[in-house]
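Everything on this sheet refers to the single structure shown next.
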There are 2 protein chains.
Amino acid sequence: MSRPEALSPARLKDAAPLFAALGDATRLSLLVSLCAGGPLTVTRLSGQSAVSRQAITKHLEVLSEAGLVKSTRHGRERIWTFEPKRLEDAHQYLARLSREWDVALASLKAFVED
Amino acid sequence: MSRPEALSPARLKDAAPLFAALGDATRLSLLVSLCAGGPLTVTRLSGQSAVSRQAITKHLEVLSEAGLVKSTRHGRERIWTFEPKRLEDAHQYLARLSREWDVALASLKAFVED
DNA sequence: AGTGAGTGCAACCCATCGGTTGCATTTTTT
DNA sequence: AAAAAATGCAACCGATGGGTTGCACTCACT
């Protein structure tokens, strides 16, 4: 009898790759760059970073599959933009977990005080 | 001239392993179990899951190194408990990123309207 | 004291990840 | 038309990750 907001196994399977995409320092710094610096190309992004352009491309593909980033071709360049919706999803998942904990604490407290 | 709330490289290096720990369906379901079911032992947790006890142990160690979980010995058993503080950290990191995006949007809007 | 439950430790396997190098392809630009 | 910029594709490499099996160890319980 789980609440509709609970973290069902189906949701976990959606959440896992999302958090996994966030679980890399290089990718996080890419997200920061795309947030602060607006839409950018791969070469521009790899200019900031220590690793090669192809490595950055791979990271962007991971972020893209996680839905955190989107790309559009513009002539010979490919422009990458941040996708805020998916970040909101991640936030929701954390909130659900946190809420689950609070509920458990409350019922434990009720049990003790009973 | 970054704001004190900004996502500095140092913060990214702290955030990455945290999100990485959350980036696995098995680990997420462990966290859910520890949230809802209260403190539990490894054997109890592995009873719910499809994978072996040793696999669960490894996952718990990963969660522990990320600070998401804590263990205390109690006789011959080891009790694992959820650690809500670290989840709050993760939430903060997401909020910072989200805020970074909002600020960029606002200044872009100001630029266009100028 | 001895049996069994709960863990810990270590080796091993295969898949994936992060990264590289090299070269082909497509658009600009002059 | 030719050179240069931006990207795509593919092979390869070492390290890490998730998982397993097997066995040793510690502690509770009768």
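Because the structure is predicted, anything quoted here is derived from the model rather than measured. Labels below follow one simple rule: chain letters A, B, ... track the order of the sequence lines, proteins then strands, and each chain is numbered from 1.
Only B:Thr41, B:Val42, B:Thr43, listed by number, bring a heavy atom of residues 38-48 of chain B to less than 4.0 angstrom from any atom of DNA chain C. Interface residues of residues 16-24 of chain A facing DNA chain C, ordered by number: A:Asp24; criterion, heavy-atom separation under 4.0 Å.
Of the inter-residue distances, the one linking B:Leu40 atom CG with B:Leu30 atom CG reads 10.0 Å to the nearest 0.5 angstrom. With rounding to the nearest 0.5 angstrom, the CG atom of B:Leu31 is 11.5 Å from the CH2 atom of B:Trp80. With rounding to the nearest 0.5 Å, the separation of SG in B:Cys35 from CZ in A:Arg96 is 14.0 Å. Distance check, rounded to the nearest 0.5 Å: CG of B:Leu97 to OH of B:Tyr93 gives 11.5 Å. Atoms OG and CG, on B:Ser29 and B:Leu34 in that order, are 9.5 Å from each other to the nearest 0.5 Å. The distance from the CZ atom of B:Arg99 to the CG atom of B:Leu7 is 12.0 Å, given to the nearest 0.5 Å.
Between A:Ser52 and C:dG19, a side-chain N or O to OP1/OP2 separation shorter than 4.0 Å is absent. Regarding contacts with the backbone of D:dG19, a side-chain N or O of B:His59 is found under 4.0 angstrom from either OP1 or OP2. A close approach under 4.0 Å does not occur between any side-chain nitrogen or oxygen of B:Arg78 and OP1 or OP2 of C:dG6.
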Nucleic acid footprint by protein, nucleotides 22-30 of chain C - heavy-atom cut-off 4.0 Å, B for base, S for sugar-phosphate alone: B----BS--

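Remark: the backbone N or O of A:Leu94 is not paired with any side-chain donor or acceptor of A:Ser98 at under 3.5 angstrom.
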Output a table of donor-acceptor pairs, distance under 3.5 Å, between side-chain atoms of residues 52-67 of chain B and any protein atom two or more places apart or on a different chain; print 'none' if there are none.
{"residue": "B:Ser52", "atom": "OG", "partner": "B:Ala55", "partner atom": "N", "Å": "3.3"}
{"residue": "B:Thr57", "atom": "OG1", "partner": "B:Arg53", "partner atom": "O", "Å": "3.1"}
{"residue": "B:His59", "atom": "ND1", "partner": "B:Arg27", "partner atom": "NH1", "Å": "3.1"}

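As rounded to whole Å, 16 Å separates atom C1' of D:dT21 from atom CD1 of B:Ile56. Summarising the geometry, the separation between CD on A:Glu65 and P on C:dT16 is reported as 13 Å, rounded to the nearest angstrom. Atom-to-atom, CD1 of B:Ile79 to C1' of C:dA5 comes out at 14 Å; the value is rounded to the nearest Å.
In terms of hydrophobic clustering, with Ile, Leu, Val, Met, Phe, Trp and Tyr side chains grouped at heavy-atom distances under 4.5 Å, A:Phe82 and A:Ile79 are assigned to different clusters.
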Step-by-step side-chain contact (heavy atoms from CB on, under 4.5 Å) determination, B:Leu87 to B:Leu68: CA-CA 7 Å; B:Leu87 202 66; B:Leu68 287 164; 4.1 Å; yes

Stepwise side-chain contact (heavy atoms from CB on, under 4.5 Å) test for A:Thr26 and B:Leu12: CA-CA 9 Å; A:Thr26 304; B:Leu12 292 190; over 6 Å; no

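Listed by first and then second residue, the salt bridge (charged side-chain N to carboxylate O under 4.0 Å, His left out) pairs that reach into residues 71-93 of chain A are A:Asp14-A:Arg86, A:Glu83-A:Lys85, A:Arg86-A:Asp89, sequence neighbours excluded.
The base of D:dG17 lies outside donor-acceptor range of the side chain of B:Lys58, with no N or O pair under 3.5 Å.
B:Val103 is not listed as a side-chain neighbour of B:Glu100, based on a closest heavy-atom distance of 4.5 Å or more.
Computed from C1' positions of five pairs at each end, the angle between the two local axes of the helix from C:dA1-D:dT30 to C:dT30-D:dA1 equals 20°, rounded to 10 degrees.
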